[in-house]
Amino acid sequence: MKNNAWQKNAAGERERAPILSRVRIPADMRGFSDEELKTLADELRAETIDAVSQTGGHLGAGLGVAELTVAIHAVFNTPDDRLIWDVGHQCYPHKILTGRRDRIRTLRQRGGLSGFTKRSESVYDPFGAAHSSTSISAGLGMAVARDLSGGTNSVIAVIGDGAMSAGMAYEAMNNAGAMKSRLLVILNDNDMSIARPVGALSKYLLRLVSSKRYIHAREAGKKVVDLFPLPLRHAVKRAEESARMAMGSGTMFEEMGFYYIGPLDGHNLDHLLPVLRNIRDSDHDGPILLHVLTKKGKGYAPAETSDDKMHGVAKFDVVTGAQSKSKAAAPAYTKVFAQALAEEARHDNKIVGITAAMPSGTGLDLFGRASPERMFDAGIAEQHAVTFAAGLAAEGYKPFCAIYSTFLQRAYDQVVHDVCIQNLPVRFAIDRAGLVGADGQTHAGSFDTAYLGCLPNMILMAAADEAELMHMVRTAAAYDGGPIAFRYPRGEGIGLDLPARGEILEIGKGRIVYQSSLRTADESEAIRRMKSQDWIAPSALPPRKNENSVAILSYGARLQECLKAAEILEREGRNVTVADARFAKPLDIGLIRKLAAHNSELIAIEEGSIGGFGSYVLEYMNRERLLDKCHVRTMRLPDRFQDQATPEEQYEEAGLMAAEIVESVRTGGR
């Protein structure tokens, strides 16, 4: 019997999870005994597994912090004490304990709970997150705000060892270490196996070094040591550091101004609870770093034994861990990109691939298998990745910097200053362009066309299908004139037969992909000539058949919806031309002039925000005084952040499906 029996009724919940069923909010657990808290952690882990089996989402990270989540909420007075989860992959157990258990099976669904922490969702989420390495900065800001206001509450930031690879975390720690604001940073280290427990002595020492008496003694000792002559002062300091290193302490964090405690077993509440209570009750001024060792996927065998610890999963069978992934009808765009890049690298030994901690997400793990010496993972450090790519380009290499659209935002200054100003030929492969479904607003690739298109020297392309993506990979590999970027969506292609290798596209040239069969012979001939020439003066072409003609100019993966709309409009008696712009910068001005000359209406459509492709088309046509001859409308993503749903639901909400395109033509955009 499947474990969803937990949902059936209150009696069933008490039977399956007798402790968890007593917790509506964290305050309910603060009178529990330590033994009850241990049982609660087990029940919380089981509830998380069952919920994610029904919704999909991030599993392994949450399983690794079940005990830590229970311990923090049991010891500290949340929400008055602020608890910030970095990234938020691990926040599902936190949501269950903070009044959202009854909605936990709506995770990542339309109208349901976010897969990340979200301020508008709960007072227990004091800071929203989905991009990594922001927690210490936000926590320090909250701690300083507390001090300025005369408050006494605690601020706790939980950050993983992966997120600690980002420079922002160290910038925050450097700032925090120079201040006296009380802040607790918990380093959730799940990349190391937990060593065999030393036993009672280890437990005693960890409790000792977190105690108020030890902290006071150590601080007093430092003041005394400062009175010693310099050589003796250094000797004493080295001896103290050696003693702490023998206990597993972290000198680097101490040097940054943090009081370091750890490492300790993050799954052992006999260790966690007394240490957290000591920290809570301490009057230590300044930041403390608690280093805990956890195991991603802890307590669920299929997760513990999988390569990625079941980090991100589809719906799955709880007993076996088998995920219910539908068989792909076509290869994913990410895989097509990776294979195309591997093929180009086979022909050119100057090509290298760079990712920022997303080798599998960007497909560069596949590229790395083919060319391991030419694949570089920069860690969660997009800024470094971009400038690293610029350095490679300056030395004559051809770096492909594969970063999600939403994550490339983090490296904008480097794109401007280190790449574009110097006109270095860095190739940006922008994955997850457009709306991304269940990951919601924080991961949507909405803005890259707008924020890259305004930069001098930048070339912008968008793939309408998987074959076009192959062409753009080869085009980028062949282009050495400066920076070039190409975007492509999440998910599968449309099922085209793919060439063995892409073609090199002419920079700044689009293509006409559909023309209405209702055109006259003269008009069809004109279209044929339009395809073969850069531009024909309007006076040299036959007049339009009537004012019932419309052109749809698509940039990116909305092309298939444009073609569906064209078929509907043609059945209604419209003359329709559909064109694939391919390039947003430089625009194919010859194509735009042709479409404006032979159609009464032109619709520019894209999977991006205001200020992108449609804006570039409008600006050009206004400058060239083409708007008087052709009515132009733009269709784009709405000027707001869209919540999670399926991609189809999101695009329907955005008004970018075939039905909305048809309706826009029928109503004239009103």
Side-chain angles (χ1 to χ4, degrees), residues 328 330-378 382 385-386 388-393 395-405 407-408 411 415 419 424-433 445 448 452 458-494 496-505 507 556-557 582-583:
Y333 281 97
T334 298
K335 184 175 182 180
V336 172
F337 157 71
Q339 291 174 336
L341 184 61
E343 178 63 20
E344 293 307 312
R346 195 170 67 83
H347 294 272
D348 189 339
N349 61 14
K350 292 292 187 179
I351 289 176
V352 297
I354 300 166
T355 180
M358 297 294 290
S360 61
T362 60
L364 284 190
D365 58 337
L366 301 178
F367 171 77
R369 291 172 200 166
S371 302
E373 75 286 355
R374 288 191 271 164
M375 201 285 274
F376 302 93
D377 186 347
E382 292 85 1
V386 169
F388 173 56
L392 281 160
E395 292 298 308
Y397 278 81
K398 297 182 176 183
F400 277 76
C401 204
I403 301 177
Y404 290 6
S405 171
F407 297 150
L408 187 58
V415 175
V419 176
L424 289 169
V426 174
R427 289 86 173 160
F428 293 98
I430 304 176
D431 203 334
R432 289 356 185 232
D448 55 271
L452 293 177
M458 180 66 77
I459 303 293
L460 294 183
M461 302 181 283
D465 54 53
E466 59 266 47
E468 285 291 297
L469 177 56
M470 292 186 68
H471 301 329
M472 290 176 183
V473 172
R474 187 171 183 193
T475 302
Y479 182 75
D480 283 317
I484 187 168
F486 53 97
R487 72 190 319 253
Y488 46 98
R490 182 179 190 172
E492 301 168 8
I494 64 174
L496 297 179
D497 292 331
L498 297 177
R501 190 181 182 194
E503 302 171 0
I504 298 176
L505 303 177
I507 299 296
R582 279 179 167 161
F583 292 84

Gly493 to Ala330 - nearest heavy-atom pair and separation:
O-CB, 3.6 Å
Between the side chain of Arg582 and the main-chain N/O of Leu505, is any donor-acceptor distance below 3.5 Å?
no
Could you tell me whether Tyr397 atom OH has more than 12 heavy atoms of other residues or ligands within 6.0 Å of it?
no
To the nearest 0.5 Å, how far apart are CD1 in Ile494 and CD in Glu468?
9.5 Å
Would you name the heavy atoms of Glu492 and Tyr333 that are closest together and state the gap between them?
O-CE1, 3.2 Å
When every non-hydrogen atom of Thr334 is compared with those of Gly363, the smallest separation belongs to CG2-N, 3.4 Å
Between Ile403, Leu460, Val386, which is the residue that forms a side-chain contact (heavy atoms from CB on, under 4.5 Å) with Phe428?
Val386
CE/Met375 to OG1/Thr362 distance, rounded to the nearest 0.5 angstrom?
7.5 Å
With distance as the sole test, does Glu466 use its side chain to make a donor-acceptor pair with the main-chain N or O of Leu496 at under 3.5 Å?
yes
Kindly determine whether Tyr488 and Asp431 satisfy side chain to side chain contact (heavy atoms under 4.5 Å, CB included), including the steps that lead there.
CA-CA 5 Å; Tyr488 46 98; Asp431 203 334; 3.6 Å; yes
Any donor-acceptor pair under 3.5 Å from His471 side chain to Gly502 backbone:
no
Trace of the side chain to side chain contact (heavy atoms under 4.5 Å, CB included) decision for Ile351 with Arg374
CA-CA 7 Å; Ile351 289 176; Arg374 288 191 271 164; 4.2 Å; yes
To the nearest 0.5 Å, what is the distance between CG (Leu469) and OG1 (Thr475)?
10.5 Å
Which atom of Leu364 lies closest to which atom of Gly353, heavy atoms considered
CD1-C, 3.9 Å
Of all heavy-atom pairs between Ala393 and Leu424, which one has the smallest distance, and what is that distance?
CB-CB, 4.2 Å
Give the minimum heavy-atom separation between Ala477 and Lys398, together with the two atoms involved.
O-NZ, 3.1 Å
To the nearest 0.5 Å, how far apart are CG in Leu452 and CG in Leu408?
6.0 Å
Heavy-atom count check: over 12 atoms from other residues, nucleotides or ligands less than 6.0 Å from Glu395 CD?
no
Ala433 backbone acceptor or donor facing Arg487 side chain under 3.5 Å:
no
Just verifying a value: how many Å separate Arg490 CZ and Tyr404 OH, rounded to the nearest 0.5 Å?
7.0 Å
Within a strict 4.5 Å, meaning less than it, do heavy atoms of the Cys401 and Arg427 side chains meet?
no
Under the side-chain contact (heavy atoms from CB on, under 4.5 Å) test against Glu344, which residue among Met470, Gln339, Arg501 passes?
Arg501
What class does the angle between the rings of Phe486 and Phe337 fall in, given that below 30° is parallel, 30 to 60° is tilted and above 60° is perpendicular?
tilted
If you measure from CD1 on Ile354 to CZ on Phe367, what distance do you get to the nearest 0.5 Å?
10.0 Å
